[in-house]
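Computed from heavy atoms alone, side chains included, the values below leave out hydrogens, waters and symmetry copies. Quick caveat, the model's predicted, so the values are computed rather than measured.
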Amino acid sequence: MLRRWRRRRLLGQGLPPEDWALVRARVPLCARLNPAQQARLSGLARVLLDEKHFEGCAGLALDDEIRLTVAAQAALPLLGHARAFYPGLSSILIYPGTFLAPVRERRPDGTVAEGVQPRLGQSATHGSVVLAWDAARAGAADPADGHNVVLHEFAHQLVALSGAV
């Protein structure tokens with residue numbers, strides 16, 4: 001009950017004007033939305049900033065630009081969802097650039113290969129999304145290039161809600 005009340009309040013307030021100005025400067029896709037969609041996006045980003053833990057990794061010191069840019073992009077897929085706030089997600093981990101993730105591959109012959117693989121993003125079914133800040137920033141800056149790691153990884157979070165991964 002308290003969570004619903006808090007979300008409604010944050011959705012209605014949206015981001016402070018100076019934060020929204022930063023979002024509009026860093027995520028030009030926002031300018032393509034109509035005023036009602038922009039207001040909703042601002043509120044959704046505010047809820048995500050309030051409810052999810054953002055953490056810098058490998059020495060990355062998080063600042064408002066990073067948190068706001070990532071939260072606004074993560075909120076874009078939620079524009080069409082009435083109540084989805086990525087319920088299985090608790091943390092958004094952000095590296096300065098490409099990071100190494102452990103991989104385990106089962107080969108056709110039944111053997112298993114383990115190692116690490118360079119990644120720009122990764123989405124766990126429950127728990128976390130991991131992003132490379134340089135890729136997240138670049139994807140936000142050019143909405144026409146077809147490469148947006150934040151939208152990609154948060155789309156995985158929405159697909160996981162349906163049970164199909």
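Taking a 4.5 Å side-chain heavy-atom cut-off between Ile, Leu, Val, Met, Phe, Trp and Tyr, the cluster of Leu2 extends to Trp5. Other members of the hydrophobic cluster containing Leu93, listed by chain and number, are Tyr95, Phe99, Val130; membership follows side-chain contacts under 4.5 Å among ILVMFWY residues, whether direct or relayed.
Listed by chain and number, the residues in a side chain to side chain contact (heavy atoms under 4.5 Å, CB included) with Arg104 are Val112, Glu114 (sequence neighbours excluded). For Ser90, there are no side chain to side chain contact (heavy atoms under 4.5 Å, CB included) partners at least two apart in sequence or on another chain. By the side-chain hydrogen bond (donor to acceptor under 3.5 Å, both in side chains) test, Arg24 is found to be paired with Gln38, residues two or more places apart in sequence or in another chain being considered. Taking the side-chain hydrogen bond (donor to acceptor under 3.5 Å, both in side chains) definition, one finds that Gln73 meets it with Asn148, sequence neighbours left out. Take His147 and apply the ring-ring contact (aromatic ring centres under 6.0 Å, His included) test, not counting sequence neighbours, and it matches no residue. Shown here are the salt bridge (Lys or Arg N to Asp or Glu O under 4.0 Å) partners of Asp64, two or more places apart in sequence or in another chain: Arg67. With sequence neighbours left out, the side chain to side chain contact (heavy atoms under 4.5 Å, CB included) criterion links Pro118 to Thr98, Leu100. Residues satisfying the side-chain hydrogen bond (donor to acceptor under 3.5 Å, both in side chains) test with Arg26, not counting sequence neighbours, are Glu65. Every residue two or more places apart in sequence or in another chain was checked for a side-chain hydrogen bond (donor to acceptor under 3.5 Å, both in side chains) with Asp63, and none qualifies.
The two atoms that bring Pro77 and Leu158 nearest to each other are CB-CD1, 3.6 Å, heavy atoms only. Here the shortest heavy-atom pairing between Val27 and Ala72 reads CG2-CB, 4.4 Å. Between Ala75 and Ala45, the shortest heavy-atom contact is CB-N, 3.8 Å. The shortest heavy-atom contact between Ala140 and Pro28 is O-CD, 3.0 Å. For the residue pair Ala113 and Arg107, the shortest heavy atom distance occurs at CB-NH2, 3.2 Å. Of all heavy-atom pairs spanning Leu41 and Cys30, the tightest one is CD2-SG, 3.4 Å.
A distance-only check finds a donor-acceptor pair linking the side chain of Ser42 to the backbone of Leu15 [under 3.5 Å]. Between the Glu153 side chain and the Ser123 main chain, a donor and an acceptor come within less than 3.5 Å of each other.
Under the 4.5 Å side-chain heavy-atom criterion for Ile, Leu, Val, Met, Phe, Trp and Tyr, Leu131 and Val103 are members of distinct hydrophobic clusters.
Within the 4.5 Å cutoff, the side chain of Leu33 has heavy atoms near those of the Leu76 side chain. Contact of the Leu68 side chain with the Trp20 side chain is not registered, since no non-hydrogen atoms from C-beta on lie closer than 4.5 Å. Between Leu78 and Leu48 there is a side-chain heavy-atom pair separated by less than 4.5 Å.
Sequence neighbours left out, the pairs with a member in residues 44-53 that pass side chain to side chain donor-acceptor pair (under 3.5 Å) are Arg6-Asp50, Arg7-Glu51, Gln13-Arg46, His53-Glu55.
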